[in-house]
Undergrad: 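My structure is below; once you've seen it, I'll send some questions.
Here is the naming used below: chain letters follow the sequence lines, and residue numbers restart at 1 for every chain. Basis for what follows: all heavy atoms, side chains included, without hydrogens, waters or symmetry-related copies.
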Protein chains: 2
Amino acid sequence: MARERKFSMDELFSSAKALLLKHGYEGFTFSLLADQLNVSRGALYKYYENKEELITDYMIAELNQFLADLQKIEHCQGFEAQFDFLMNLIFDMPEVQQLIKIAVQIPVNVNNKVRENKEHLDKLHLDMYKHLQSFIKLGKKEKNLKAHIADGLILGFIFQTIAIPNHFGIPHAEWVASIKEIISHGMFTNN
Amino acid sequence: MARERKFSMDELFSSAKALLLKHGYEGFTFSLLADQLNVSRGALYKYYENKEELITDYMIAELNQFLADLQKIEHCQGFEAQFDFLMNLIFDMPEVQQLIKIAVQIPVNVNNKVRENKEHLDKLHLDMYKHLQSFIKLGKKEKNLKAHIADGLILGFIFQTIAIPNHFGIPHAEWVASIKEIISHGMFTNN
DNA sequence: TAAAAAGGTGACAGTTGTGTCACTTTGGTG
DNA sequence: CACCAAAGTGACACAACTGTCACCTTTTTA
């Protein structure tokens with residue numbers, strides 16, 4: 001029993017995402033977002049008291065989505081298949097790492113809702129790492145991954161590489177294949 | 001014939017650097033910088049008309065320093081030595097990549113000085129890539145680097161890896177050694 | 001069809017950042 | 001010592017962002 005909304009939650013989140021990536025946390029404002037959604041600034045305050053609440057709320061949704069996709073890694077049999085699955089997943093959502101970086105900048109002393117959201121985010125982030133850790137463990141057990149390299153570095157390495165800027169416009173397929181090759185066997189020949 | 005300055009150019013640059021890395025381009029303000037230097041905001045306007053001029057000026061200095069250090073790569077004989085030199089250099093200046101990213105956000109329509117500075121920055125950035133490109137060429141000639149992987153990806157890969165966050169506090173020496181190993185020969189065993 | 005509920009608007013006051021400028025402080029030089 | 005130039009200060013006017021609120025609009029349902 002109410003009027004129709006001028007924007008959906010999905011539209012709000014995807015606009016927020018674009019603005020966050022473009023302007024960074026401190027450059028993100030309600031004015032920019034309202035303009036993007038063709039709505040008055042005041043309307044946004046019906047849903048969120050301040051930008052910290054809005055951003056954390058959006059990020060929880062984004063990370064939940066990523067985690068849901070990540071769960072499907074269980075359907076892949078064997079390490080090689082799981083490795084391919086993970087690489088493709090990360091290539092499909094290359095912004096996740098950047099967003100996690102932005103999340104760190106959000107101050108928690110704004111109000112209780114923000115503090116709760118931040119804790120929720122931390123929990124999701126930890127969950128993500130636990131899942132990936134078990135993937136790494138499998139890799140080391142199956143003797144595909146070098147055992148002497150720390151788990152945290154292996155994960156960091158994989159996540160970081162998808163953020164390499166493709167300045168020279170190398171075709172996506174070649175780009176992905178080369179990155180997989182370097183991660184797997186390095187950029188040195190065997191002479 | 002003048003009064004002594006309350007801050008040196010070096011102090012100004014290193015404060016600017018810290019604030020840029022902490023708050024990002026849009027979060028950087030003259031107020032923050034003035035506070036950091038224990039000086040009034042007005043004093044800064046004696047040197048720069050706006051933050052764009054200041055930031056680009058600082059970045060030119062930073063990139064010049066990096067390029068000067070990079071030139072010394074010529075003193076290293078052979079690809080392996082140059083590779084080690086480059087990795088160590090990049091590990092000593094891990095912020096350079098992040099700063100280049102920030103530089104992209106600076107609008108050029110502020111005034112002519114900013115436009116000139118931005119062009120200068122682009123030139124330096126290009127110089128940097130040219131130097132590194134010749135290093136890559138040497139590597140491919142000596143058959144140490146896989147020839148079928150694009151130069152741009154090899155460089156991007158090396159620069160990107162130094163930005164991997166060391167969340168779990170792995171000791172620096174182990175961290176660096178592992179990264180060199182993965183870049184060189186990958187994270188897979190040879191079974 | 002009138003009331004209720006939710007969505008939306010524009011204006012207001014407060015805060016923070018910007019750019020400028022008249023003025024003061026400091027230190028070297030004739 | 002007087003003066004000059006560079007360095008620094010604080011106040012002013014303006015612009016942008018923030019949070020709130022009275023009021024209007026749209027839709028449902030009793």
Undergrad: Rounded to whole angstroms, how far apart are CZ on Arg5(B) and C1' on dA6(D)?
TA: 10 Å
Undergrad: Using 30° and 60° as the class limits, which term best fits the ring planes of Phe7(A) and Tyr47(A): parallel, tilted or perpendicular?
TA: perpendicular
Undergrad: Indicate, with a heavy-atom threshold strictly under 4.0 Å, whether Tyr48(B) touches base, sugar-phosphate, or nothing.
TA: nothing
Undergrad: Partners of Leu155(B) by side-chain contact (heavy atoms from CB on, under 4.5 Å), sequence neighbours excluded?
TA: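 Leu155(B): side-chain contact (heavy atoms from CB on, under 4.5 Å) contacts with Tyr129(B), Leu132(B), Ile136(B).
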Undergrad: Are Glu49(B) and Lys113(B) within salt-bridge range, i.e. N to O under 4.0 Å?
TA: no
Undergrad: Rounding to an integer number of Å, can you tell me how far Glu4(A) CD sits from dG8(C) P?
TA: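 Interatomic distance, CD of Glu4(A) to P of dG8(C): 9 Å.
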Undergrad: Which whole-number value in Å describes the distance from Asp35(A) CG to dA16(D) P?
TA: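 Rounded to the whole Å, the gap is 12 Å.
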Undergrad: With ring pair (Phe, Tyr, Trp, His ring centres under 6.0 Å) as the criterion, how do Phe188(B) and His185(A) come out once you've worked through the C-alpha distance, each side chain's angles and the decisive distance to 0.1 Å?
TA: CA-CA 6 Å; Phe188(B) 280 19; His185(A) 304 108; 5.7 Å; yes
Undergrad: Which pairs of donor and acceptor atoms, one on a side chain in residues 82-102 of chain B, lie under 3.5 Å apart (sequence neighbours left out)?
TA:
{"residue": "Gln82(B)", "atom": "NE2", "partner": "Cys76(B)", "partner atom": "O", "Å": "3.3"}
{"residue": "Asn88(B)", "atom": "ND2", "partner": "Asp84(B)", "partner atom": "O", "Å": "3.3"}

Undergrad: Would you mind reading off the distance between Leu44(B) atom CG and dG8(D) atom P, rounded to a whole angstrom?
TA: 9 Å
Undergrad: Quick one, which residues of residues 11-27 of chain A touch DNA chain C with a heavy atom under 4.0 Å?
TA: none
Undergrad: With a cut-off of less than 4.0 Å, is there a side-chain N or O of Tyr47(A) near OP1 or OP2 of dG8(C)?
TA: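 Yes, Tyr47(A) has a side-chain N/O under 4.0 Å of OP1/OP2 on dG8(C).
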Undergrad: Just call it for Phe7(B): base, sugar-phosphate, or nothing, with non-hydrogen atoms closer than 4.0 Å on any strand.
TA: sugar-phosphate
Undergrad: From CE of Met9(A) over to C1' of dA6(C), roughly how many Å is that when rounded to an integer?
TA: 14 Å
Undergrad: Output all residues satisfying salt bridge (charged side-chain N to carboxylate O under 4.0 Å, His left out) with Lys72(A), sequence neighbours left out; order by chain, then residue number.
TA: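 Applying salt bridge (charged side-chain N to carboxylate O under 4.0 Å, His left out) to Lys72(A) gives Asp69(A).
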Undergrad: Quick one: side chains of residues 116-123 of chain A, donor-acceptor pairs under 3.5 Å with protein atoms, not counting sequence neighbours, listed by atom name and distance.
TA:
{"residue": "Asn117(A)", "atom": "ND2", "partner": "Thr56(A)", "partner atom": "OG1", "Å": "3.0"}
{"residue": "Lys118(A)", "atom": "NZ", "partner": "Ile106(A)", "partner atom": "O", "Å": "3.0"}

Undergrad: How does each nucleotide of nucleotides 18-25 of chain D score, in 5' to 3' order, for protein heavy atoms under 4.0 Å: base (B), sugar-phosphate only (S), or none (-)?
TA: BBB----B
Undergrad: Is it true that Arg41(A) and Asp35(A) make a salt bridge, defined as a side-chain N closer than 4.0 Å to a carboxylate O?
TA: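 Salt bridge between Arg41(A) and Asp35(A), a charged N being under 4.0 Å from a carboxylate O: no.
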Undergrad: Run the side chain to side chain donor-acceptor pair (under 3.5 Å) check on Glu52(A) and Asn111(A) step by step: do they pass?
TA: CA-CA 9 Å; Glu52(A) 286 75 20; Asn111(A) 66 33; over 6 Å; no
